[in-house]
Structure formats: C-alpha cells, structure tokens
Chemist: 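To start, I am sharing the structure in question, which I have written as structure tokens.
Position 1 is the first residue of the sequence; numbering continues from there.
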Amino acid sequence: MLLLMCLFIFIYKLSTRKTINVAPPESQKSPLKLIYFSLTFSGILGLAYLGWGMSIVYENKSVVPLHRWLVMLFQGFTWLVLGFTINLNKLQLPNNGTVNFCYVVVFYAGFLCIPSLWQAIVEKSSSVSVKMVLDILSFPGAILLLFCAFERREHVDNDNIDGYYTLLQNDASDEIRSSDNVTPFAEAGFFSTMSFWWLNPLVEKGKERVLEDEDIPELRPADQAQTCYSIYMEQMNKKRKQKVSSMLSVILFCHWKAILVSGLFALIKVLALSSSPLFLIEFIKVASGKESFRNEAYALAGGLFLAKCLESLSERQWYFRTRLIGLQVRSLLSAAIYQKQLRLSNAAKLTYSSGEIVSYATVDAYKIGEFPYWFHQIWATSLLLCLALFFVYYSVGLATIAALITIILIFLASSPLTKFQHKYQTNLMIAQDRRLKAISEALANMKVLKLYAWETHFKNVIKTLRKKEFEWILKVLSLKGSYIVLYYSSPIVIPAVTFWTCYFLSIPLNASNVFTFLASLRIAQEQIRMIPEIAGIFIEAKVSFSRIVNFLEAPELENKNTRQIKSNHNIMADWSIFIRSAEISWDASSSKATLRNIDLMVKPGEKVAICGEVGSGKSTLLAAILGEVPNINGTVHVYGKIAYASQTAWIQTGTIQENILFGSTMDATRYQQVLDKSCLDKDLEMLPFGCLTEIGERGLNLSGGQKQRVQLARALYQDADVYLLDDPFSAVDAHTATALFNEYVMGALSGKTVLLVTHQVDFLPAFDMILLMAGGKILDADTYDKLLDSTPEFQDLVDANKKTDGSERHFEFASSTKPLNSEGEIKKRNVGKQLKTPSGDQLIKKEERETGDTGLKPYLQFLSHNKSFLYFLLQFGLHMLFVIAQMIQSYWFAAEIQNSLISRVKLITIYSVIGCVLPVILLLRSLSIVVLGSITSESIFSTLLTSLFRAPMSFHDSTPLGRILSRVSSDMSIIDTELAFHLSKAVGADLNAYSCLLLLGILAWPILLVIIPMIYFSILLQRYYFASAKELMRMNGTTKSSIASHLAESIVGATTIRAFGEEDGFFSKHLKLIDANACPYFHSCSVDEWLVQRLEILCAIVLSSSALAMTLLPLGPSGSGFIGMALSYGLSLNIFLISAIQLHCSAANYIVSVERLEQYMHIPNEAKTITEGRQPADNWPATGKVEINNLKVRYRPDAPLVLRGISCVIEGGHKVGIVGRTGSGKTTLIGVLFRLVEPTEGEVIIDGLNISSIGLHDLRSHLGIIPQDPTLFSGTVRYNLDPLSQYNDHEIWEVLGKCHLRVVIQEKEEGLDSLVVEDGLNWSLGQRQLFCLGRALLKRSRILVLDEATASIDNATDSIIQKTIRREFADCTVITVAHRIPTVMDCNAVLAISDVQLVIDAYLHSKSLNHGGKSNLHVGLKKLSLTLEFEEEIRYMKIIYEVRSQKKKSKL
C-alpha cells in the first residue's frame, strides 16, 4: 500500500507539473483541532499496527510466515506516513490528488472494516483480536483524513473560484468580498459544519424577534449567482470549442466534486442504516439468554447509539450538500434565462411570451434545483434494497426469491405509471404556460379590459384554459394517489408472500428471523415509498430541463454588433450612421421585406427627421440601426454611443430618478440640467415626492406625456453620440412639444447626431435632412425647401398639415441652438431648490408578508374551501385505521410466533387477511387525498381569479405584475400538485412516529423516563425552528416575486436596455435579486437540517435505551417476539420521526404559498358589475348628455386631489375637446367617466342617470373609447376587433375600410385570421391605434371618448380619421382629449384643464361667428388674459380661436 501511494504521488505530480496552485491564506487553513485530532488518531493507529506486527514476531520467535507480521508493519508505517503527509502536507501533494487518494484509502479501509465487523457481530468470533479492532478503527481514521484533505482543497478551490470571479467580474467580486455580513458557514470548521453549529446565532435571533431581510447573512462567494454563472459559462465556452456543448454535461462537470462528496455521505448513511438488522438479531439473542460475553446488552446499546449518530451525521450532510448544489444550479439557470431573454431574437419572441419566460425562471429552474437533492436517492434506494435482500436471505433463506419476484412485479406494475406521469407532466406544463400567457396578458392590460367591459370575457377565456389545465392536474394527482397505493402496499404484500413461501418450503419461522426480516423490510419501506416521489421529481426535472434547454437554444439577435467605436483608420468613420442595404426584413422571407433599397449616410452632428404615413417603415429603420432587425441584406454601421427613446415609453418600476439615471452615477448639476431641458420641472413639483416618487409598473401613475419626457431625460443624461427618437412628441401637448423641440432637440442635442421620427410637419424646416418614407422605401432625402419643391408626396404631406392647422405655422423655433446650461447658471436658477424628501406612502409599497407564528390559520384557510376539511378528516381517519391494523398484524405475529398451539397456517392466514384489508384502506385514503387536492386547487384559483379581475385599478397600478405572476405560477403550482399530498403525508408520518413511541412505551415502560424528556426537548427545538423557518420561507416568497417582476419588466424593455448598452448593469441587478432569493432559501434548508439532526440524536438515545430496557426486563414466554416487534418498530423510529419532521417542514414551507395567495384572494372589489333593479335601458344613453357637477377626485385616501371641483355640461351630440398641459388631469377625467376612479365628491350624470348608481358593466359596455395606449392581444385580427364574436365578417371588413386597414390586411394571406402577437408588436403603433378606432366603429356607442387617439399617426391619416369620426358619429357625443390643434378644431366646445381644475369652459357657437359677434371663447380669454397662471392654456385656446375664425370667414 505504501509503494502504491508513492507511485500514485509520482504519477500525479508528473501529470500536474504545470499546474499552479494558489496557497491559501493562513486565515483559511483547516481548523487546527481537526488536524491535530486526525494526526493523533493516525499516529496512534500506525503505532498500534507497528506494535502488533512486532509482537507477532516476538510471540512466534520467527519471521515466518512473512505476511502475518509484514502486513502489520506496512500498514502501521503507511498510517504514520499518511497522517503526516495529508495533515501537514509536507510533500506538497496537489489538492485534488490528496482528495482523490483519500477516496482510495477510504475504499480500502472499508474493505478491512466490513469483514471484521461481520466476523465480530454475525459470526460471533470466540475472541475479538487486536487486528479486528484496528481494521474497524481504520475506517473512521480514513474518513478523518478525507475530511482534512477536502477541507484544505475546498479553501484553495474557493481561492480559485475567486480567481474566476475576479477575472470575469472584477468590480462585483470586490463588492462581494468586502461584505461583512457573510454566512458563518463560509468560515465554519469541521465540527461546526457537521453539527450545523454555525446556524445557532441565526436561530437564536429568530427566537428573540421576527427576522428581517437584513438579518439574513449573504451567501459565500462560491455559492453566489455570479460565480456559478461565470464558471458555467467558462466551461460551456470550452465545450463549444470542442464542439460538445451539452448543457447537462457542463453542469455535471462544474459540480462533479460536490456530487461525489455528497454521494460518499449517502453511502455512509446507507451502510450505517443497513447495520440495524444486525443489532436486532443480537438483541433478540441476548433477550433469549444467549449472551456472547458479559454485559453484551450495554455494548450493543452503545454500538446502536453510535451507528444511529453516524447515520444522522452522514444523512444530514448528504441532504445539505445536495441542496447547496441544487441552489447553485438553480441560480445559474435563472441567470442564463435572464441573459438569454436580453439576446432573444424578435422571431423567438413570437414563440416565447413573457409569461412563459417568467415561468421558466420561477417554476422550471426551481424544479431542476430540487433534483440534486433526490439524485443520490436513485442509487441509494437500490443499494439499500440489495442490502435489505441480503438480510432477508439471512433470515428466510430461499424464500427471498419470492420477495424478490414480488418487488420486481411491483416495479414492473409501476413502469406504465412512470410513462403516463411523463406524458401528464409535459402536458400539464404546456397547459400551464398557455394559462399563464393569458393571465399575464390580461393583467398587464387590465385598464383596457375594464374600459371595454371585456373583463368577464377574458376571465372566461382563462377559466377555459384552466379547465383544460385542471384535467391534467387531476391526472397527475390520480397518478400520485396510485403510487401511494402501490408502494405503501408493497411492505404489506411482500411479507405475506414470503411467509407463505417459507411455509411451503418448510423454512422455520421464529421471532429472530421473522422480525429481522420485518425490520429489514421496514428499513427499506420508507425508501420504497419514496420511489414514486423520486420518479415524479425526476420526470418534472426532465421536462423542465428540456423546456429551458429549448429556450436557451432559441435564435438570438444576429445584428447586435452594428455599433463600432470611431476610428481614424476606417473610411466610413466620417459617418455617424452608415446604411447600405438592399433588403431589411423582420421575416426570413425576402418577399416580405419591410424595407428595400435603403441608402443612408448621416454625418456626426446632423439632425435628420423621418416622416411618412403609418406603416411606411420608420420605426423599422430605427430598429435596424439598433441591430434589432434579424435579416439585413447589406451593411448597417453606427459609430459611437447610442441613446434611444421608443415610440411607446418603457418605464421601470422605481423612482423617477432611477429611471433617468438608468444605471449611471449621479451628477447633481447635469441631472438638473436634464430636468430643465426635458420640461420635467413643473411635473416634479406636482408629484408628492418629486424625483424620488415611485413610479408604478410601466409608469402607470404618470401621464403619457410624462412617461415620454422621463425617457427623453434618460436618453439625454447618457450624453450619447447618436440619438434615435421614435416620435416622442406624439404624447405631449403642443406647447410642451414646441418647448421640447427648441430646448431639447435643437438646444441640448446641438452637436449630436439625431434621428427623429415625427408626424409634426411644423418641426421639419429646422432639420438638416428629411427622409420621406413610403411603402418601405426612402422616397427622397433632402432639406425641407428642396423636398417641398421637388417631391409631390412631401408637398401633399405639408398641404395636409396646412389644411388642418391653417395657412401658417404656429410654432416658433429657437433662433439659436443652446447646449446644456453651465453649472453656474443652473445653480443660480435653482437656488434653494432641493430634492423632496419622501414622506408618507409611495405608490409601490414593499411586498406584504405574514410575520410571526400564524399557528393553524393558513392550514385552516387551505381546508376551508369547499368540503376540503371533510376530506382531510376522512384521509386522517383512514390512515389511523391503517396504522392500527398494521400494529394488530405485527402484534398477532409477536404474541403467537412462539406459541406451538397455533398452527403456522392459521398464523400466516390471519396475518394475510389483515394484510388484504390494508390496501383497500390505502386506496380509499388516496382517493380522498386526490379529491382534497383537486377541489381545493380549483376553489383557490377561482377565488383568486375573481378577486384579481374585480380588483380596482388602484390595486393594479400599485402592484407590480411580477408579484401577481409569481403567485399564479409557482405558488399556484404548489397548491395544484403538492400541498394536499405533503399535508396528508405529514399527518400520516406523525401517526407512524407516535405509534412507534406508544409501542415502545407499552413494551418497555421504564423508557417513558427517556421518552417524556425527549418529547419536551423536541417541542423546544421545534419552537426555535419554526420561529426562524417560517420567516425565511416568507422571505423566499417575496424575494422570488422580485425576480419575476424584474424579469417581466426587462422582457418588455429589452430593446431599450440593448440600445443603451445596459445589459451588464441589468444582468448584475438580476444576479443580486437571485442571491437575495437564494439567501433565505439556503438558510431555510440549513435550519431544516439543524433541527432534524438534533431530533435524530434524541431518537438515537430513545432507541438505544429502549433496546437496553427490553433486553433487561422479563417479558415472559413471548418476550423475544415482543422484543423483535418493538425493535423492528424502534429501528424505524429515526426514519418515521425524521420523515414526519421533513414533511412538516415541507408542508410549512408550502403553506406559505397559501398565505401569499390569501393576500390577493380578498382584495376590496370595485363596485358591482350589474346592480339589480337599476339597470339602464338597452338604448341608454339615448341623447348622450353628460353633466359633471363639482367633481373632485383623488386616487388614494392619503393622496392629493387630482381633480378639484370640475363642473360642466356637455350637450348630447356635441363634440367637445379637452386640452391642457401634460399631467393636468385630462386622462383622469376620462377615468371618472368609466369609473376606473370613483369620485371623492360630486357626481357625473349621463342622460339623467347618475353613473355611480348603475353597475360597472352596464356603464362601460354602453360607452365607447379609443384609449391613449393602443393595446392588441395575441390572437387574430378578427379576435382583436371583435373578441366577443358579436359581428360578422362583412361588418368587420367594412369597418377596416373606414379605418384604413383593409388594404394592409388584404395583402396578408390569412386575412382576418392574420396573426397578432402579444402586445401587437408585429404591427406599428399607428396601426394599433387604427385597430382601436375599428373597435369603436364596430361598437357605435352614443358617447365616444378619444383619449389622444391619433397621436401616433401622420397628419394626412389623422385628417381622414377625423372625417370618418365626424361622419360615423355625427349624432353622437364625442369627447376628445387632444394635444394637436386640428384634433379639436371642429369641436362645439373646448375644456381647458390646468393644475387639475377647469379654467376654461367655452362653447364655440357657429351662429355668433357667422354674425360677426364675439364668441364665448373670446370673452373667456379676455377675462383670463391677466392671469399668468393660465398663460399656456390661454395661448393654446387663442390658436384654436384664430384658426377657427379664419375657417369660418373663408366660408362666408
């Protein structure tokens, strides 16, 4: 062995000569206690072997035979060398080599130990030799050496990991290492690690007070998401170079060492557990008076205690380390999914919805993270079954064949179930994805659903999808129930078959072999019962892994590297933007090219305007410059840093300041300059917390104009070289648009390259070049004057604007361009101006979670649905009956096995009859659990869905979508398939454990002196545990919501993130969120093991004490039978108790999902949808008269008034415009009409009916609206126009013609069945607005509201649309919120709102104009001319008045 060791060292050092190892710092070396203990143990063992070898020579007086003493000397010398080599590392053996060599030593020592143990215990060797003792002690000595070697290797590996970390993420690694609040596990020694002593401070803190987020230590650097992902990507890149990029192989390669170590612990646990039948045999012999030596009972009790302690220590480390592997795998998968969605191609986005991607990260990744915990169970269960069969053979001889055949038949019977489970699980995940996609789409667009009164329809659509999903849920639950019947019956069927075989083969049955057989089977029983769960976890992980792999292999953006740094050596570097492309297409098919023959060169500092009709390809051109369009036949290059403002503003959840900074460092002077140039100063003054105001998801508490200006400020703050602005002025009023153009585009961006998409012709003269686009081509590119002279299409565009706006432009451009103001000027203008300090409540509040011990409340909430409590009691009663029947069955054998008056036929027959009843009880119990899980799941989902759809808009505005999605995905998934079974199993395991304790108490009453204190300490430990564990799991739930929210938000804003080049910043933030979620999960798993280990030690004390008491107490003639029965139960006490605790831990963790769902199941509802007895007539409103009386509105009780006492009357059939500065309350007024917001004071009356007195559905279904944010749903063109299927195809085609979409849709092969993807991303924003117009034309309501409905379309199309509206809704009341003058030019009245109150209520009477008289408007303006506060609104109204007067005079 010594020569082998030297040869191994030589070969390994030779093969690793080029390897450079980093020496660990002194502070990170292995604990001295462990080193000294291992060194002492190895030295003593070595000296003992040497001494024994010398004594052999001395006794024999001869050196022959050589092998007897020479082997002893070699072993002694080897132990001395090993101890000094590995512990003190004198030979500088490479760390991996040390560990690998120690594995060999452990394996060899195991071979020495097992035969010696067998000889000493089973074969009852007459004398226990010194060699046997030394061989047995060599195994723990080898284990100690392995721990020392592994401890040192682990520290060096951590240094190497930090090296990866520093190399790949320099800044992040420094940040992590500088953190003081790192888990004590990072510095824990051997004994602290093995006993989880490092957790004591956290557990004590949890008992003293409720744990908060800051109380939870951070993970070790090795366990953090960034480290895991960096190592994974490095290995993946290496494999790709080798053209082998299997994700599974890479993950296994990254974690093979940890898997191997945990596997070693699993092996030790199996071996320790399998020693239990040996002890049972010996205890029965001692009780029968067959002692091998004096006080053997005490020795056996001590040995049993040590074996159970070893079993506990090894199993806890096995479970803990596999949980840690699972956490690392889960973190890297979550990181990979996030990174992938940032690079996902637009074609792939059509396949994977945001809801599906969130599901991959919050459901599938977590299921895969659970798999390593079960991985070793696969082979450990098989090994344990083999060892159990060995003991069965020792007990019943050839009858083992019958037991083996029965086991094989049971496995064969379960094979079809496994196939069905894979099928059912796959279909369940697909159905779940469809349901989540529908829910996420509905929740994200809840405002639109309420405006159109479509909530009921969409809720029914989700219910239909849920019904299909529920069919698969029921099948999965039924399969789980079938597994319970099959595998719980196996320990009942196998003994009966075996005993009958013994009878026919004339194999004698006695207490010793019967209860050894039963004990062996009982030990394997829990492992057998876990087979269905292992199979289920394996199948779920396999399905989830294939889904994630498919997603990670989806196509990525191909043209993302269009950006280049300016270089003097590049000929094209004189251009800021260089495009020369024959075709640019979103589709792979060239016949469907979006842009053709694009030849564009923009010099640095040039201002380029892009104009054209709706659908001409303006936004696609910008997307091509950003590298978003997948198929480009040609060249696209951009030189310099890009800033981008999208057509639909993307706003993050967070403060306004965070949205503007967008990951950049804060520069107060520049920040204030940006606010000035973006015209945000006044808005910030109106907001309660200034720039620290929390913005809701997608900027829900900002107006459309405010959102656009926030993203303009974001772009400006980046100080980029190239600015791409996609029609950002469409959502702001005319005055703000002019100010932005002068101050922002022409001033702040002077010297910058700007591409501005716009429909506002009045801005065009100021540009260096104008691109006129039509039909996917650039018709012409030149200055304004030259285009006006040479291009008829451009002349038509300008003429269309003149016809609507009047004969002259009403915008004045800055005569000179002004860059950002100087620092001194800013300070002078903003003296005393400071950021508002937050006080009061923000819109987005911290996610709520339950705190403290909630007792049975969540369990009762779970069981309160339908008849759940009844089915729970039924399954409880059936399991109690099952346990009692099992005990009667065992008692019958124990009492009568030694009774010669009872024939063996009668003995086995009664045993078998009782055994036949037990599967029937199991079947009934399984059915009751399946029914419990199904009815509870259905009831909870139905209640939750109704609550979410009936919740007011204030809830949806203040609740990030991710919080809701995490509940309807991962939390609901737990309720669907897990909680009912775990809860039932936990209660069943309790009954099993208490039946063991009861039996031990009856048969060995003195043991009650040990059992009672044990129960007390168990309760005490559980109190400590639950105080911390529940808070940790609640934190796990809330931090998981943050991951879902950030991911969902990033999916929507991926284009903006890529445009600014902020992928790394967002990825880094997501990694922090992953770690924030992993921290409570890691400590929760650790606390589980902390509790279980301590309870297992208590169980070991009870078991060894019980065995000792029963062997010493006189139990009569049946004593050996009762001892066998008690010990067969007692040896399983650890398994039953730990199983009960683990299931209780799982149930306690899962019940947190009920708490989280309950929070959203009882949201205060908005008003009734239909009020019985107050339903309006079918033709209401008949005239469309709207009366607003003293209307005051605030969004929340603690919020300021948004509308302050507005009063006005809108006559039926009149056209009324609502104008005012962005954020003045125009959209809020519309919200009141639809009762999205309830009035605080005042009333709104339509045709004599107070809208607050009727149901919401009755109100909203009778009003028509074209909303500010055009929204399309995934489906078809027909579905988006008529989701309720109320109109025929002829009516739909007619409407499409009126809203100028007919030609576009006819060009598509599918026609009305043409695809519309999620959010309508395959249609331009202008086309989406036309879709909304089509909905209004189909509905033909008496009152139509247009909330800036034509902001994103060109003037010519706007003019046509306005004519269509005037023609189609001639007799209807039309209320128009507008920023453009032409939009409200033909209105009968204009309402101007400023500072959330009505300042002008002026009717434009055509009669007074016709007679040359002064209109009400003119008088109103004259009266308000001295009021500077309303200067902007007066100027705006004057423009309308002057243009309107000119048009009237021209007609006269």
Chemist: So which atom in S1104 and which in L304 form the shortest heavy-atom distance, rounded to 0.1 Å?
Modeler: CA-CD2, 4.1 Å

Chemist: In Å, rounded to the nearest 0.5 Å, how long is the span from CG of L1091 to CG of L1021?
Modeler: 6.5 Å

Chemist: Taking the side chain as everything from C-beta on, heavy atoms only, tell me whether F872 gets closer than 4.5 Å to I929.
Modeler: no

Chemist: Please assess L932 against L863 for the test side-chain contact (heavy atoms from CB on, under 4.5 Å), listing each intermediate value before the final yes or no.
Modeler: CA-CA 9 Å; L932 167 66; L863 296 173; 4.0 Å; yes

Chemist: Taking atom types as modelled, is there a side-chain donor on Q875 or S928 under 3.5 Å from an acceptor on the other?
Modeler: no

Chemist: Please determine whether a side-chain nitrogen of the Lys or Arg among R1094 and E1089 lies less than 4.0 Å from a carboxylate oxygen of the Asp or Glu.
Modeler: no

Chemist: Run D1088 and R323 through side-chain contact (heavy atoms from CB on, under 4.5 Å) and show every step you take.
Modeler: CA-CA 11 Å; D1088 289 350; R323 288 284 192 197; 5.8 Å; no

Chemist: Can you classify the ring geometry of H376 versus W318 as parallel (below 30°), tilted (30 to 60°) or perpendicular (above 60°)?
Modeler: perpendicular

Chemist: Suppose we screen for side chain to side chain contact (heavy atoms under 4.5 Å, CB included). Which residues come up paired with L267, at least two apart in sequence or across chains?
Modeler: L271, W379, L383

Chemist: A side-chain contact here means heavy atoms from C-beta on lying under 4.5 Å apart; do S490 and I407 qualify?
Modeler: no

Chemist: According to ring-ring contact (aromatic ring centres under 6.0 Å, His included), who are the partners of F420, at least two apart in sequence or on a separate chain?
Modeler: Y424

Chemist: Taking all atoms of both residues into account, what is the closest heavy-atom pair of S995 and M887, and its distance?
Modeler: CB-SD, 3.7 Å

Chemist: Between the main-chain N or O of E311 and the side-chain N or O of S314, is there a donor-acceptor pair closer than 3.5 Å?
Modeler: yes

Chemist: On a heavy-atom basis, which atom in L878 and which in I921 lie closest, and how many Å separate them?
Modeler: O-CG2, 3.1 Å

Chemist: L428 and T977: side-chain contact (heavy atoms from CB on, under 4.5 Å), yes or no, with the steps?
Modeler: CA-CA 11 Å; L428 174 59; T977 58; 4.1 Å; yes

Chemist: Using atom types as modelled and distance alone, determine if a side-chain donor or acceptor of S939 lies under 3.5 Å from a backbone N or O of T936.
Modeler: no

Chemist: Using atom types as modelled and distance alone, determine if a side-chain donor or acceptor of S506 lies under 3.5 Å from a backbone N or O of C502.
Modeler: no

Chemist: Under 3.5 Å, is there a donor-acceptor pair between the side chain of S984 and the main chain of F981?
Modeler: no

Chemist: Compare all side-chain heavy atoms of L474 with those of V930 and state whether any distance is below 4.5 angstrom.
Modeler: yes

Chemist: Grab the two heavy atoms, one from K367 and one from S973, that are nearest each other, plus how far apart they are.
Modeler: NZ-OG, 4.2 Å

Chemist: Kindly indicate whether the side chain of K269, heavy atoms from C-beta on, has any atom under 4.5 Å from the side chain of L273.
Modeler: yes

Chemist: Below 4.5 Å, heavy atoms only, C-beta onward: do V1092 and Y1025 meet side chain to side chain?
Modeler: no

Chemist: Is M1014 close to I1101 at the side-chain level, that is, under 4.5 Å between some pair of heavy atoms?
Modeler: no

Chemist: Would you indicate whether the side-chain heavy atoms of R316 and S312 approach each other to under 4.5 Å?
Modeler: yes

Chemist: Could I get the full list of side chain to side chain contact (heavy atoms under 4.5 Å, CB included) partners for P919, not counting sequence neighbours?
Modeler: S489

Chemist: Decide yes or no for D990 and L1143: does some side-chain heavy atom of the first lie under 4.5 Å from some side-chain heavy atom of the second?
Modeler: no

Chemist: Any donor-acceptor pair under 3.5 Å linking the side-chain atoms of N866 with those of Y871?
Modeler: no

Chemist: Using the salt bridge (Lys or Arg N to Asp or Glu O under 4.0 Å) rule, collect all pairs that involve residues 925-939, keeping only residues at least two apart or in two chains.
Modeler: R466-E938

Chemist: How long is the straight-line distance from CG of L404 back to CD1 of I494, given to the nearest 0.5 Å?
Modeler: 9.5 Å

Chemist: If the test is ring pair (Phe, Tyr, Trp, His ring centres under 6.0 Å), which one of F265, Y373, F375 qualifies with Y319?
Modeler: Y373

Chemist: Atom CZ of F882 and atom CG of L922: how far apart are they, to the nearest 0.5 Å?
Modeler: 4.5 Å

Chemist: Return the CD1 to CZ distance between I975 and F862, rounded to the nearest 0.5 Å.
Modeler: 5.5 Å

Chemist: Short question: side chain of S926, backbone of G481 - any donor-acceptor pair under 3.5 Å?
Modeler: yes

Chemist: Could you measure the distance from the NZ atom of K480 to the CD atom of E978? Nearest 0.5 Å is fine.
Modeler: 3.5 Å

Chemist: Enumerate donor-acceptor pairs with a distance under 3.5 Å from any side-chain N or O in residues 904-913 to protein atoms, sequence neighbours excluded.
Modeler:
unit_1, atom_1, unit_2, atom_2, d
R904, NH2, L509, O, 3.2
R904, NH2, I897, O, 3.2
T909, OG1, V905, O, 2.5
S912, OG, W500, NE1, 2.9
S912, OG, I908, O, 2.8

Chemist: Quick check: closest heavy atoms across T400 and G397, and the distance to 0.1 Å?
Modeler: OG1-O, 2.6 Å

Chemist: Give a yes or no on whether the backbone of Q861 and the side-chain of S864 come within a donor-acceptor separation of less than 3.5 Å.
Modeler: yes

Chemist: So E315 and Q1093, side-chain contact (heavy atoms from CB on, under 4.5 Å) or not? Walk me through it.
Modeler: CA-CA 9 Å; E315 186 175 42; Q1093 187 177 72; over 6 Å; no

Chemist: Does atom OH of Y393 have more than 12 heavy-atom neighbours, drawn from other residues, nucleotides or ligands, at distances under 6.0 Å?
Modeler: no

Chemist: Which heavy-atom pair separates V497 from A402 by the least distance, and what is that distance?
Modeler: CG1-CB, 4.0 Å

Chemist: Backbone N or O of H865 within a donor-acceptor pair of the S868 side chain at under 3.5 Å?
Modeler: yes

Chemist: Kindly write out the residues that satisfy ring-ring contact (aromatic ring centres under 6.0 Å, His included) with W374, not counting sequence neighbours, or none if the list is empty.
Modeler: none

Chemist: More than 12 heavy atoms of other residues, nucleotides or ligands under 6.0 Å from CZ of F305: is that the case?
Modeler: yes

Chemist: Is it the case that the side chain of H422 and the backbone of I539 share a donor-acceptor pair, with hydrogens and angles ignored and the cut-off at 3.5 Å?
Modeler: no

Chemist: Return the OG1 to CD distance between T322 and Q317, rounded to the nearest 0.5 Å.
Modeler: 10.5 Å

